[in-house]
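A, B, ... follow the sequence lines: proteins, then strands. Residue 1 opens every chain.
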Number of protein chains: 2
Amino acid sequence: MTKKVTIKEIARLANASVSTVSRVINDSGYVSIEKRQKIEAAIKSTGYHPSQIARTLSSSHTQTIAVMLPDITNPYFINLIEQISIHSGAEGYQVILMNTDTAGAHKHGDPVTIETNAFANVLERQVDGLIVLGGEIDQVHVNPEYMSALNSLNDQLPVVVISQKDEQCNCLFVERHIDTGMKMIVQHLLSLGYRHIGFLGGQQGIKIADQRISSFKKLMHLYANTSDEDILANNFYIEDGYTGIEPLLQQADLDAVIAMNDQVAIGAMRRLREIGKSVPQDIAIGSADMFAGGEYTTPAITTVNQHDTSLGQIAVKQLLHLINNEPVESLEPRLPELVMRESCGEHQRFTTKDSLS
Amino acid sequence: MTKKVTIKEIARLANASVSTVSRVINDSGYVSIEKRQKIEAAIKSTGYHPSQIARTLSSSHTQTIAVMLPDITNPYFINLIEQISIHSGAEGYQVILMNTDTAGAHKHGDPVTIETNAFANVLERQVDGLIVLGGEIDQVHVNPEYMSALNSLNDQLPVVVISQKDEQCNCLFVERHIDTGMKMIVQHLLSLGYRHIGFLGGQQGIKIADQRISSFKKLMHLYANTSDEDILANNFYIEDGYTGIEPLLQQADLDAVIAMNDQVAIGAMRRLREIGKSVPQDIAIGSADMFAGGEYTTPAITTVNQHDTSLGQIAVKQLLHLINNEPVESLEPRLPELVMRESCGEHQRFTTKDSLS
DNA sequence: TTGTAAGCGTTATCAG
DNA sequence: CTGATAACGCTTACAA
């Protein structure tokens, strides 16, 4: 391990003072051509890199934002992370990922405690801002300790949350157009003639699920009958589609099912094939939230593109505004779009171009 | 924004010196019960958090490791990140993600430059260690500048690379058992009676692809004929399976195809269905690298579980050994396992339990 | 145009 | 057991 070379060393080598070196590093203030060249030469020859740490201590910003999320294997989050990392990278910010693992398969310990500890960590690392992608904040009834921890965090640094707004929370929220999206898929199914439509996936007590389900019910009441038996809310993952579809069909006589998202749809379709039902002939499967890859399944999934990718971009923009004390313009995510493929019948021209974006 | 409370403030409040406060924070040295209580009270009441930054400056370690990867949407990498974040979290290390985006759909700029810059960034942030998941290092012919940058980085802090070993590189490598894995799927297909087997996916000039392909050829020569027409190396993603399978079948008369990984297999199966070929009746599709979810496709993919999850764990262990100057035991990843499902025929008992682990 | 010196918030050494 | 005080590497007035 080579020992570290510091600004002092460079100054010595280039026969200058540390402030002058600092000036050339940061391109600030006047420095004579010759001195600048000598300094640059010294930097190059030693392979010197200024220490972000020291820089932060003295100037107190890190050019880093933290992203907190409860499950990194979830495609919804991956999508967001990708966009966040791209857009913040473009603005010169690094991303530090805090995967609390409070929702995935590897859960351990109390979610509230874990996430609250993560807040503390965020503070200690002096990141310039935080984007929260989900976790406890997604609950309809957010734990009060968590909420006060989050609010007090928001007091100390800019926080943007990508989730449905919570009135108790003072942070800036970026919300999706849930009702509009649900309307699209419901109306599509109705227009195709389906009347006994069910809903599968999500979890009661989670905002996004409750909102989708209530939206679903409301819409259905306008056109047809529904009862609670038409709905099964178990969870958000593939296996939930797989394990949930049969029970759902047993408790209700359906000709179509809307899945919480493409993952749930995939699981359901797989199980249906195993029990000898074909999609969409015997039963149509639609999805309310498009993920990457749904155009390659058999049948390809008819789904709603919520344009989640725009969320990441918006969140970064807003956060940077907050960080720079600029006024935050209110930015709306793109409106959802129906993506017609095969799983609801009425095979529209299939194209692999219907990808996320 | 509340202003920051520092150790000094606590000292003042608790009527103690900063050193004493530091002692209670770090639980080091003797502190009288009463003083400790007063200090703890002050900390609690102010919501004080020690600054990692200042701490690092003075003690020079960050309890942070960086993970560099070229494409966060790739399931192979996601799997690794997840494991790394879990295992390093368990040891009290945070992960900072550096997504260089040099392999994904959003490429921009010269990969070597981008990744080399990322190295600089790693240095500046004074992370305690780095895990490189792929990128330029995956090339058979690694760019010399990149290599020397990486080697010199490795001189300044511990670096572990998850990839096939490169002789020019001094870093510690964690390698997978590629040949063993390939052998399993090839032998499986042969044992089922397939003789005209092809290979689809990967990219020439990438170590893992070249190695799999040469392994494939060697094995095939033992039992049957192969020629270069049986092989089409385009890339690693779903769409490559989708676009590649037809050309491959046109240039060779095959009864089975081994896909680079499950993604490629999915794309290929989708395209086959579109052109009216059924899997495995008309053609069998196997995969050389299992990803999560392959048990839910139709047909479910017969594949090789390379136990990639163990890689992440090993990498973290090794890195921490390096960081702590402990001797690094040589740890071998788990041996691959064949996962028989449906896409190669001979429908073995299907179980959704064949998940990654 | 350049240099001096005072912080930034900790830890760690060394006296009390 | 406790408290000064010197680092840690950089930025930024302020002087020169």
Quick one: [X] [atom1] to [N] [atom2], roughly how many Å, whole number?
X: A:N26; N: D:dT12; atom1: CG; atom2: C1'; value: 11 Å
X: A:I53; N: C:dG9; atom1: CD1; atom2: C1'; value: 12 Å
X: B:R125; N: D:dC10; atom1: CZ; atom2: C1'; value: 15 Å
X: A:K8; N: D:dA7; atom1: NZ; atom2: P; value: 9 Å
X: A:L57; N: C:dC8; atom1: CG; atom2: C1'; value: 4 Å
X: B:E124; N: D:dC10; atom1: CD; atom2: P; value: 10 Å
X: A:R12; N: C:dT4; atom1: CZ; atom2: C1'; value: 19 Å
X: B:I39; N: D:dT2; atom1: CD1; atom2: P; value: 8 Å

| said: Taking the nucleotide of DNA chain C with the nearest heavy atom to each, does A:G29 or A:V18 sit closer to the 5' end? | reply: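 Looking at DNA chain C, the more 5' nearest nucleotide goes with A:G29.
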Nearest to the side chain of [X], heavy atoms from C-beta on, is which of [options]?
X: B:S19; options: D:dG9, C:dG3, D:dT5; result: D:dT5
X: A:R23; options: D:dA13, C:dT10, D:dA4; result: D:dA13
X: B:K35; options: D:dG3, C:dT10, C:dG3; result: D:dG3
X: B:S58; options: D:dC10, D:dC8, C:dT4; result: D:dC8

Under 4.0 Å, heavy atoms only, any strand: does [X] hit a base, just the sugar-phosphate, or nothing?
X: A:S22; result: base
X: A:S51; result: sugar-phosphate
X: B:H49; result: sugar-phosphate
X: B:S32; result: sugar-phosphate

| said: Regarding C:dG3, can its base be found pairing with the side chain of A:T20 as donor and acceptor, where the two atoms are less than 3.5 Å apart? | reply: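 For A:T20, whose side chain was compared with the base of C:dG3, there is no donor-acceptor pair (under 3.5 Å).
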| Hey, is the main chain of A:G135 close enough, under 3.5 Å, to the side chain of A:T102 for a donor-acceptor pair? |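 It does not hold such a pair.
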| query | Distance check: side-chain N/O of B:Y48 vs OP1/OP2 of C:dT10, anything under 4.0 Å? | reply |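 Checking C:dT10 against B:Y48, a side-chain N or O does come within under 4.0 Å of OP1 or OP2.
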| task | Evaluate the criterion side chain to side chain donor-acceptor pair (under 3.5 Å) for residue pair B:T116 and B:T113; output intermediate values, then yes/no. | result | CA-CA 5 Å; B:T116 310; B:T113 310; over 6 Å; no
| Would the number of heavy atoms belonging to other residues, nucleotides or ligands and lying under 6.0 Å from NZ of B:K8 be above 12? |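 Incorrect, the count does not exceed 12.
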| field | Within-4.5 Å side-chain heavy-atom neighbours: A:F77 and A:V67 | value |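 Contact flag for A:F77/A:V67 side chains = no.
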| Within a strict 4.5 Å, meaning less than it, do heavy atoms of the B:S59 and B:H61 side chains meet? |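 SC-SC contact between B:S59 and B:H61 confirmed.
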| request: On DNA chain D, check which nucleotide each of B:V31 and B:Q126 is closest to and give me the residue with the more 5' one. | output: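 Its nearest nucleotide being more 5', the pick is B:V31.
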